Structure formats: C-alpha cells, structure tokens
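Only one structure is covered here, and it is reproduced in the block below.
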Amino acid sequence: MSTSSETTVALPAGVDLHARPAADFVRTAMRYDARVAVAANGSEADAKSLLSVLALGARAGTTVTLRADGADAGEALSALAGCLSTLSE
C-alpha cells in the first residue's frame, strides 16, 4: 500500500544544509524505500541525491518541506524531520 505524507521543518540556527549536514540528511533518506523530495527556496530536490540537496542552498532558519510517497513514507518523514531539526556543524 502506497501512502503519501508531507511535513515542514526549519533548519536550526547556525546550520546551513551544506556538505556534511546534507550528507547526513541524504544517508538518512536512503535508509527508506519511499520516494522523498525536499523543497526550499522555491525549488524541490530528490532527498536521496546529495548534489540536488546541496543545490537547494538551504541556510539556517530556512523552512524546508519534506514529501514522501511509499509504504514507509511516514517513517521516512519522521526520521528526516528529526535529522534536520537536530543538525549541527
């Protein structure tokens, strides 16, 4: 059964979604079968693609929208929202 979910989360103050934080985020996304998209600054990217996530240019305090579609979409969104909200340099 396929389910679709969406949530928003703000990046913590002082943390941009650059190389290391983005890699942590992508590694988390890759643990799930669901298709996951991340949107910020008017653009959307595949959450499992490091280059796509980096291209969003999300900076500290940016509100990020996460969308997932698949059997484990809810679990994926919970994990990814937790990952983003606790990112550190």
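Index from 1, following the sequence. Because only heavy atoms are used, hydrogens play no part in the values below, and waters and symmetry mates are left out as well, while side chains stay in. From a predicted model like this one, the values you see are computed outputs, not experimental measurements.
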Donor-acceptor contact below 3.5 Å, side chain [X] vs main chain [Y]:
{"X": "D69", "Y": "R35", "answer": "no"}
{"X": "T3", "Y": "G70", "answer": "yes"}
{"X": "T62", "Y": "R59", "answer": "yes"}
{"X": "D72", "Y": "D33", "answer": "yes"}

Minimum heavy-atom separation for [X] and [Y], please, with both atom names.
{"X": "A73", "Y": "S5", "value": "CB-OG, 4.3 Å"}
{"X": "S43", "Y": "L56", "value": "O-CD2, 3.5 Å"}
{"X": "V64", "Y": "L11", "value": "CG2-CG, 4.1 Å"}
{"X": "A22", "Y": "V53", "value": "CB-CG1, 4.0 Å"}
{"X": "A81", "Y": "V9", "value": "O-CG2, 3.9 Å"}
{"X": "A40", "Y": "A58", "value": "CB-CB, 4.2 Å"}

Inset, instruction - Rounded to the nearest 0.5 Å, what's the gap from NZ on K48 to OG1 on T28? Could you check? - result: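 K48 NZ to T28 OG1: 11.5 Å, rounded to 0.5 Å.
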Inset, instruction - Compare all side-chain heavy atoms of V38 with those of F25 and state whether any distance is below 4.5 angstrom. - result: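 Yes - at least one pair of side-chain heavy atoms lies under 4.5 Å apart.
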Inset, instruction - Would you indicate whether the side-chain heavy atoms of T7 and L80 approach each other to under 4.5 Å? - result: no
Inset, instruction - Carefully, step by step, assess L66 and L84 under the rule side chain to side chain contact (heavy atoms under 4.5 Å, CB included). - result: CA-CA 10 Å; L66 301 170; L84 286 179; 4.1 Å; yes
Legend entry - Partner of V26 by side-chain contact (heavy atoms from CB on, under 4.5 Å), out of L54, L50, L51, V36: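 So, applying the side-chain contact (heavy atoms from CB on, under 4.5 Å) to V26 and each of L54, L50, L51, V36, only L50 qualifies.
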